[in-house]
Amino acid sequence: MDSSARSGGGGTGGYTSTRVWIVAGVAIAGAIVFVEAARCRRRWLRDRSEVPPDFGAFCYRFEIAPAPQPPPPAARQLLSGLTFAASDNFEIEGYVAGFGNPDWKRTHKAATRTAVPVTMLQKQGGTYVGSTVMDELGFGVSGGNLHNGTPINPASSSLFPGGSCSGSAVAVSAQLVDFALGTDTTGDVRIPACFCGVLCFKSSHGVVSTLGTIANSQSLDTIGWFARDPSVLHRVGDVLLPAATGGLTQTRQLFFADDCFQLLKVPNEKTVNVIENAIQTLPGYQPPKHINIGEYISSHVPSLKDFCEPTVEMLEGMSALKALSTVMLLLQRYEFKTNHKDWVNTVKPKLGLDTSTRVLQAVNSKSDNIKSLYIVRNELRAALKNLLKDTGILVLPTTAGYPLKRNARQRLSPGFEDRMSAFVGIATLSGCCQAVIPLGSHNDHPISLSLLAAHGSDKFLLRNVLYMFSSIKEQVVLASKLVTAPVINRDADFGAAELLKEKGNSAFKGRKWSKAVEFYSDAIKLNGTNATYYCNRAAAYLELGRYKQAEADCEQALLLDKKNVKAYLRRGIAREAVLNHQEALQDIRHALALEPQNKAGLLAERRLQKKLR
């Protein structure tokens with residue numbers, strides 16, 4: 001065989017002049033291998049407007065036939081007749097996995113074995129047809145690649161496909177294969193599934209073998225797969241996942257992460273309501289519960305407080321999730337550095353701008369306090385197991401917003417990346433399994449939701465996806481016919497609300513109480529979900545002697561944040577002012593239970609105790 005074929009290299013020129021090598025007598029698992037040379041895309045793909053025949057999904061194509069069907073009475077192979085691909089970090093015997101970068105491919109030898117997941121799927125009748133484009137070294141969320149080009153998103157050719165496993169998602173969405181594999185570290189399978197409008201499943205960490213894949217961060221890397229058909233998604237899981245007991249006989253409980261949905265630029269009619277209406281038509285589900293997942297994580301993952309940013313005012317529920325994202329990225333950088341620092345420093349690979357930034361952050365990162373990262377991971381897994389147990393499912397957005405347009409000059413905003421990392425970080429850092437379900441589109445952008453179950457509950461979650469899918473699709477059709485109010489630009493409004501809050505704070509410090517009330521009220525109009533705005537306005541109302549209004553604002557703040565110490569203290573002061581001393585004392589004691597050394601609270605408690613004697 002020509003060495004360029006076995007390494008996945010290809011000739012130059014267009015698609016019409018593709019050279020094909022037919023290899024006779026080369027057996028892999030008893031199959032004849034047909035090798036198609038890699039096709040050179042690079043700038044050609046980026047600069048040309050027409051869609052290539054394979055949507056730019058493959059970095060090179062070749063076919064490995066499946067293991068033969070055993071004779072009767074053996075059962076039919078689960079994946080018989082299905083084709084699949086895998087991202088460019090899955091090793092195939094006799095080929096060099098490129099890890100999305102030609103310098104990596106140039107400096108590594110051909111694999112002596114095929115990745116375990118690929119082998120398992122071949123044994124059950126799956127036909128492997130090639131390796132797909134991915135972001136370099138497994139970094140990135142756009143799906144672009146400096147060297148292989150950016151695959152075309154079949155859901156919307158003007159949008160990025162999402163990464164890092166962009167090629168696998170595109171190959172499924174474009175109906176080039178029945179399913180495809182990828183690895184998910186920080187959303188690498190879930191983000192492109194969302195952007196390309198296909199199903200995907202991220203397995204629990206350590207449940208499916210990653211042997212034969214190139215590691216980015218081994219404590220976070222998991223195997224994931226894409227499909228258009230939920231039955232195919234389920235069948236792939238039956239092959240890759242260990243046997244599980246139990247079925248759908250137990251009553252299931254759904255938990256909606258309301259704090260995450262508040263940040264989504266899609267009406268609830270097309271997201272939350274779709275799932276709620278779908279399960280109402282199905283037996284076996286309890287009435288859903290609505291929770292603040294950020295608040296829950298903050299309360300049940302004590303080690304996370306070391307990574308919070310207490311000086312920064314953040315949206316309700318986002319402080320803990322931002323800290324979670326920080327831990328996830330620190331862990332990824334540490335393990336990538338451990339795995340690949342020597343190669344990066346020796347080879348000095350040519351990398352795209354975004355990838356180069358992330359790689360430099362990783363190889364230059366410090367190794368301080370690494371143990372605490374693993375402690376947070378273990379605490380988070382235990383906390384989610386405590387919440388979900390064996391029959392619970394957390395429902396949350398897959399990403400925080402829409403993909404960028406391919407021709408857009410701007411890069412992803414820091415706020416977008418923060419919230420995207422926060423959402424995917426819940427399953428990533430805990431190691432829990434997660435399924436992505438497409439829900440149609442909104443404003444010509446694909447939208448999806450994710451279902452998350454406890455670590456090891458993979459088959460339980462897959463069964464629920466298969467069980468719910470038809471009802472969900474019916475509700476998606478109904479939701480698409482509804483006329484919904486336009487969704488405000490929350491990024492802009494949240495920023496404007498913060499500026500108004502700061503103006504209110506300045507007015508308060510200047511003893512301009514009425515002006516402060518006006519500023520806080522304007523902030524609330526733009527963002528009525530921030531407890532701080534109500535609590536601050538309550539303080540201004542207290543100074544104006546408007547105690548009933550202060551009490552009402554504190555009550556609203558506590559509905560949004562049950563652990564808001566200032567809200568309890570200020571409601572206590574308001575109640576004390578109108579001689580409701582017993583209720584005031586209860587509020588003060590609530591505040592002291594949360595913050596035992598609060599000086600204002602201790603003074604108020606002593607004062608009220610004297611009044612009640």
Side-chain angles (χ1 to χ4, degrees), residues 6-8 26-31 33 35 38 57-67 77-79 82-101 104-105 108-138 164-169 171-172 177-185 188-189 192 200-227 235-242 335-336 339-340 458:
R6 291 189 63 83
S7 66
V26 180
I28 294 181
V33 181
V35 181
F58 289 89
C59 48
Y60 47 95
R61 301 187 73 169
F62 54 93
E63 183 175 307
I64 304 177
Q77 293 169 320
L78 284 174
L79 305 177
L82 300 182
T83 58
F84 74 102
S87 56
D88 194 24
N89 59 337
F90 283 75
E91 293 182 338
I92 304 296
E93 183 180 354
Y95 298 87
V96 182
F99 209 12
N101 181 270
W104 179 279
K105 191 170 189 175
H108 288 80
K109 297 179 180 179
T112 58
R113 62 187 178 187
T114 295
V116 169
V118 174
T119 300
M120 294 174 69
L121 296 168
Q122 288 178 277
K123 286 181 178 179
Q124 280 295 325
T127 300
Y128 186 82
V129 297
S131 299
T132 55
V133 173
M134 62 180 290
D135 287 75
E136 297 175 86
L137 312 183
S164 66
C165 298
S166 53
S168 286
V172 170
V177 292
D178 296 297
F179 65 94
L181 295 176
T183 55
D184 194 303
T185 308
D188 308 68
V189 167
C200 91
F201 189 82
K202 169 205 168 295
S203 60
S204 294
H205 183 263
V207 169
V208 179
S209 174
T210 56
L211 190 64
T213 64
I214 304 171
N216 178 290
S217 171
Q218 56 270 24
S219 291
L220 306 178
D221 292 344
T222 58
I223 301 298
W225 54 95
F226 305 89
R235 284 154 66 185
V236 174
D238 277 342
V239 174
L240 295 178
L241 297 167
E335 293 189 341
F336 182 88
N339 296 330
H340 304 303
D458 299 58

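For clarity, every value in this text was computed on a predicted model and none was experimentally measured.
F99 is linked by a ring-ring contact (aromatic ring centres under 6.0 Å, His included) to W104, H340, counting only residues two or more places apart in sequence or in another chain. For T210, there are no side-chain hydrogen bond (donor to acceptor under 3.5 Å, both in side chains) partners at least two apart in sequence or on another chain. Shown here are the side-chain contact (heavy atoms from CB on, under 4.5 Å) partners of V239, two or more places apart in sequence or in another chain: L78, L79, M120, L121, Q124. In terms of the side-chain hydrogen bond (donor to acceptor under 3.5 Å, both in side chains) criterion, S203 has no residue partners (sequence neighbours excluded). F226 meets the ring-ring contact (aromatic ring centres under 6.0 Å, His included) test with no other residue; sequence neighbours excluded. Remark: A111 pairs with E91 by the side-chain contact (heavy atoms from CB on, under 4.5 Å) rule, at least two apart or across chains. With sequence neighbours excluded, the residues forming a side-chain contact (heavy atoms from CB on, under 4.5 Å) with S219 are L331, E335, Y374, R377, listed by chain and number. The side-chain hydrogen bond (donor to acceptor under 3.5 Å, both in side chains) test applied to D458 returns S204, not counting sequence neighbours. Legend: residues meeting salt bridge (Lys or Arg N to Asp or Glu O under 4.0 Å) with D188, ordered by chain and number and at least two apart, are absent. S166 pairs by the side-chain hydrogen bond (donor to acceptor under 3.5 Å, both in side chains) definition with nothing, not counting sequence neighbours.
D178 contributes no side-chain N or O that, together with a main-chain N or O of A227, makes up a donor-acceptor pair within less than 3.5 Å. Judged purely by atom type and a 3.5 angstrom limit, D184 uses its side chain to pair as donor or acceptor with the backbone of V189. Although no hydrogens or angles enter the test, the distance criterion places a donor-acceptor pair under 3.5 Å between the side chain of T132 and the main chain of A86. Remark: the backbone N or O of E93 is paired with a side-chain donor or acceptor of T114 at under 3.5 angstrom.
Considering only heavy atoms from C-beta on, V116 stays 4.5 Å or farther from I223 through its side chain.
The shortest non-hydrogen separation linking G98 to D88 is N-OD1, 3.0 Å. Taking every heavy atom of both residues into account, L211 and R113 meet most closely at CD1-NH2, 3.5 Å. Between V208 and P117 the shortest heavy-atom distance is CG1-CG, 4.5 Å.
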